[in-house]
*Asks:* 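Shown below is the structure under consideration.
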2 protein chains.
Amino acid sequence: MENKPYLTPKQEKVLNFIRKRIGERLPPTIREIGWELGFKSTGTVRDYLRVLIQKGLVRRMNNKSRAIELTERAGFNKIPIIGTVMAGKPNLAYEEIQGYVDSDDLFLGRLGFDDVFALRVKGDSMIDAGILDGDVAIIKKRPNADNNDIVAALLDSNEVTLKRLRNKAGKFHLEAANSNYPPIFEEFKVIGKLITVIRKY
Amino acid sequence: MENKPYLTPKQEKVLNFIRKRIGERLPPTIREIGWELGFKSTGTVRDYLRVLIQKGLVRRMNNKSRAIELTERAGFNKIPIIGTVMAGKPNLAYEEIQGYVDSDDLFLGRLGFDDVFALRVKGDSMIDAGILDGDVAIIKKRPNADNNDIVAALLDSNEVTLKRLRNKAGKFHLEAANSNYPPIFEEFKVIGKLITVIRKY
DNA sequence: TGACAAACCACACATTTGTGTGGTATATAT
DNA sequence: ATATATACCACACAAATGTGTGGTTTGTCA
């Protein structure tokens, strides 16, 4: 869990500008950095980049335009986990950060997008599994799944439903996570497996 | 809900290469596209870019290196919503796509990262709100919140907890979403508001 | 006092990168 | 017949961009 090394305020500004531009999809050129921060010489910017590289926050490729990357150590695109709920004494001033979640990882974990689709959950049939009306379910396409997996299944009636897959004596059926809904024994086809649930407030 | 227009196989290849490179964080130069796809002339690449721009899939900035962007219409970095659970007749062959979720939007919705942190949920005190042990709660830093918001709060005991904020007769207290836990009337400070819950299986 | 880091500038030069002009060949549509 | 789209190439040229050298000033640390 390497920590970000000490940066002077100016160095921090340079790093932040690079970060901002990368977030906006295109890393800056050396001159763009200079223009933004009021440097009149490209040499000045190169000095800053040199220290940022030396401190392990930035990576570059030679002779390639805009080829500036932030390293893990820079800690951007990462969300700090500042403590576990009901445990410890978290500090918002970044002094007791327990770790970081990479925002991309947290979301899809570097899956390709090709085998993934989303279903917006409607109804309360999975409420006991903590899946609520309006949640977005991210599904990885698969023709099968294991016992107890939550799956998206295509029913004979041509509906898609999100349910828990159960194997009772070698025969699969679907179960809601809500006692108000009966298990489904009709014919169905697994189309994918639930990998992530996202809820926005 | 505009659809991707018809592309020839070669045009598709160019688009995919651009997409790949953007995904790898640095859009390609015209010559890099040419090298990858075996074109000996920059003019050829420019021809392709021209048609992709004309078909509304690509945007560019003049005289800026690597300034190639994919438009909404290109449909990348988006996850198709292929139907609502228990409603309709979804088609995995992309013929009945109801829309797309931008993966970034879905996750953080273009917030800056600066005011955001994550808590890993421990315990079952919010289970009735569909927040389970192990879920990641994304919190936006705020010193206050509204009645019924779920907030991260710092207790006098120096613990952070995730609870629902209640306003009873002008006085705020915290409530679990689990009848096994009593409401909290002790002193506390709101440090942020729950904006997203993510659960990975 | 000397060494060193931070924080700058100027400017020449090389390389990369984008642009522009003008081609060729093939197929399909009008 | 000729217009249009696809699918290329070869350059020359200009603009953008990265590199290299050699400075200055200020402050700190030993």
Side-chain angles (χ1 to χ4, degrees), chain A residues 3-22 24-71 73-74, chain B residues 3-22 24-71 73-74:
Chain A
N3 244 352
K4 197 159 77 171
Y6 168 76
L7 293 182
T8 67
K10 300 238 178 183
Q11 289 166 3
E12 196 96 40
K13 273 187 186 173
V14 173
L15 190 63
N16 276 321
F17 176 66
I18 294 169
R19 178 208 180 188
K20 182 184 158 220
R21 280 304 194 76
I22 289 177
E24 291 166 7
R25 232 91 254 267
L26 199 61
T29 64
I30 287 180
R31 281 171 182 80
E32 283 170 356
I33 296 172
W35 296 332
E36 173 73 18
L37 302 181
F39 302 135
K40 286 172 186 158
S41 167
T42 54
T44 305
V45 179
R46 275 155 58 77
D47 285 348
Y48 278 104
L49 289 181
R50 202 164 350 96
V51 306
L52 291 177
I53 289 167
Q54 202 218 326
K55 290 181 177 175
L57 303 170
V58 162
R59 232 191 320 272
R60 290 190 72 200
M61 282 159 75
N62 289 339
N63 298 317
K64 293 250 153 267
S65 67
R66 304 177 188 276
I68 301 177
E69 264 186 318
L70 299 183
T71 64
R73 210 176 181 191
Chain B
N3 243 351
K4 197 159 77 171
Y6 168 76
L7 294 182
T8 66
K10 299 238 178 185
Q11 289 166 3
E12 196 96 39
K13 272 186 186 171
V14 172
L15 189 64
N16 276 322
F17 176 65
I18 294 169
R19 176 206 182 189
K20 182 183 157 220
R21 280 302 195 78
I22 289 178
E24 291 165 7
R25 230 95 257 267
L26 198 62
T29 65
I30 287 179
R31 280 171 182 83
E32 282 169 357
I33 297 172
W35 295 332
E36 173 72 17
L37 302 181
F39 302 137
K40 287 173 186 158
S41 168
T42 56
T44 304
V45 178
R46 276 155 57 77
D47 286 347
Y48 278 103
L49 289 180
R50 202 165 349 96
V51 306
L52 291 176
I53 289 167
Q54 203 218 328
K55 290 182 177 175
L57 302 170
V58 162
R59 233 191 320 273
R60 290 189 72 201
M61 282 159 75
N62 288 341
N63 299 318
K64 293 250 152 270
S65 67
R66 303 177 188 276
I68 301 176
E69 265 187 316
L70 298 183
T71 65
R73 210 175 181 193

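Excluded from the calculations below are hydrogen atoms, water molecules and symmetry mates; all remaining heavy atoms, backbone and side chain alike, are included. Throughout, a chain's letter reflects where its sequence line sits, starting with A, and its residues are numbered from 1. Nothing here was measured: the structure is a model prediction, and the numbers come from that model.
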*Asks:* Rounding to a whole Å, what distance do you find between B:Leu52:CG and D:dA5:C1'?
*Replies:*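 Rounded to the whole Å, the gap is 14 Å.
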*Asks:* To the nearest Å, how far apart are A:Ile68 CD1 and D:dT19 P?
*Replies:*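 Atom CD1 in A:Ile68 sits about 10 Å away from atom P in D:dT19.
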*Asks:* To the nearest angstrom, how far is B:Arg60 atom CZ from D:dA16 atom C1'?
*Replies:*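 Value for this atom pair: 13 Å.
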*Asks:* Side chain of A:Lys55: nearest nucleotide among C:dT17, D:dG18, C:dA6?
*Replies:*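 Nearest listed nucleotide: C:dA6.
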*Asks:* How many whole angstroms separate atom CE of A:Met61 from atom P of D:dT17?
*Replies:*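 From A:Met61 CE to D:dT17 P: 17 Å.
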*Asks:* Counting heavy atoms from C-beta on, name the nucleotide in D:dT17, D:dT19, D:dA7 closest to the side chain of B:Tyr48.
*Replies:*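 Side chain of B:Tyr48 sits closest to D:dA7.
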*Asks:* Within the pair B:Arg66 and C:dT17, is there a side-chain N or O less than 4.0 Å away from OP1 or OP2?
*Replies:*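 Yes, because at least one side-chain N or O of B:Arg66 sits under 4.0 Å from OP1 or OP2 of C:dT17.
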*Asks:* When you measure from the side chain of A:Ser65, which nucleotide among D:dC8, C:dC8, D:dG18 comes out closest?
*Replies:*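 Per side-chain heavy atoms of A:Ser65, the pick is D:dG18.
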*Asks:* Nearest heavy atom decides the nucleotide; on that basis, is B:Gly43 or A:Pro9 closer to the 5' end of DNA chain C?
*Replies:*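 So the residue in question is A:Pro9.
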*Asks:* Nearest 0.5 Å, please: how far is CG in B:Leu15 from OG1 in B:Thr8?
*Replies:*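 B:Thr8 atom OG1 to B:Leu15 atom CG measures 10.5 Å (nearest 0.5 Å).
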*Asks:* Measure from CG on B:Leu26 to C1' on D:dG18 and round the result to the nearest Å.
*Replies:*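 Distance, rounded to whole Å: 14 Å.
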*Asks:* For residues A:Tyr6 and A:Lys55, report the shortest heavy-atom separation together with the two atoms involved.
*Replies:*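 Heavy-atom minimum between the residues: O-NZ, 3.0 Å.
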*Asks:* Do the side chain of A:Arg46 and the base of D:dG20 come within less than 3.5 angstrom through a donor-acceptor pair of N or O atoms?
*Replies:*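 Such a pair is found, so the answer is yes.
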*Asks:* Report the nucleotide, chosen from D:dT6, C:dA6, C:dC8, that has the shortest atom-to-atom distance to any side-chain atom of B:Thr8.
*Replies:*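 Nearest nucleotide to the side chain: D:dT6.
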*Asks:* In this structure, how many angstroms lie between the P atom of D:dT6 and the NZ atom of B:Lys10, rounded?
*Replies:*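 That distance rounds to 14 Å.
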*Asks:* Does NZ in B:Lys13 sit with more than 12 non-hydrogen atoms of other residues, nucleotides or ligands closer than 6.0 Å?
*Replies:*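 Atom NZ in B:Lys13 is not crowded, with 12 or fewer foreign heavy atoms closer than 6.0 Å.
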*Asks:* If you only use heavy atoms from C-beta on, which nucleotide in C:dG18, C:dA6, D:dA10 is closest to the side chain of B:Ser41?
*Replies:*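 Nearest nucleotide to the side chain: D:dA10.
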*Asks:* Around atom CD of A:Glu24, are there more than 12 heavy atoms of other residues, nucleotides or ligands at under 6.0 Å?
*Replies:*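 Count over threshold, so yes.
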*Asks:* Report yes if a side-chain nitrogen or oxygen of B:Thr42 is closer than 4.0 Å to either non-bridging phosphate oxygen (OP1 or OP2) of C:dG18; otherwise report no.
*Replies:*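 No, no such contact exists.
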*Asks:* Just to be sure I understand the rule, does B:Arg50 reach a base, reach only the sugar-phosphate, or reach nothing, if contact means heavy atoms closer than 4.0 Å?
*Replies:*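 Nothing: the residue B:Arg50, judged by heavy atoms under 4.0 Å, touches no strand.
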*Asks:* Can you tell which of C:dA7, D:dA7, C:dC11 lies closest to the side chain of A:Gln11?
*Replies:*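 Nucleotide nearest to A:Gln11's side chain: C:dA7.
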*Asks:* If you assign each of B:Arg31 and A:Glu32 to its closest nucleotide in DNA chain D, which residue comes earlier from the 5' end?
*Replies:*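 With B:Arg31 and A:Glu32 compared, the 5'-side residue is B:Arg31.
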*Asks:* Distance check: side-chain N/O of B:Asn62 vs OP1/OP2 of C:dT19, anything under 4.0 Å?
*Replies:*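 Yes.
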*Asks:* In whole Å, what is the span from the CG atom of B:Leu49 to the C1' atom of D:dA7?
*Replies:*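 Nearest whole value for this atom pair: 14 Å.
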*Asks:* Nearest whole angstrom, please: distance from the P of D:dA16 to the NZ of A:Lys64.
*Replies:*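 Going from A:Lys64 (NZ) to D:dA16 (P), I get 19 Å.
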*Asks:* With a 3.5 Å distance limit and no angle check, can you tell me whether B:Arg66 reaches the backbone of A:Ser65 through a side-chain donor-acceptor pair?
*Replies:*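 Flag set: sc B:Arg66 to bb A:Ser65 pair under 3.5 Å.
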*Asks:* Kindly give the heavy-atom pair with the smallest separation between A:Gly56 and A:Arg73, and that separation in Å.
*Replies:*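 Shortest heavy-atom contact: O-CB, 3.5 Å.
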*Asks:* Is there, by distance only and without an angle test, a donor paired with an acceptor across the side chain of A:Thr44 and the base of C:dA7 below 3.5 Å?
*Replies:*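 There is none.
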*Asks:* Give A:Asp47 one of three labels, base, sugar-phosphate or nothing, depending on what nucleic acid heavy atoms sit under 4.0 Å from its own.
*Replies:*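 Answer is base: heavy atoms of A:Asp47 come under 4.0 Å of a base.
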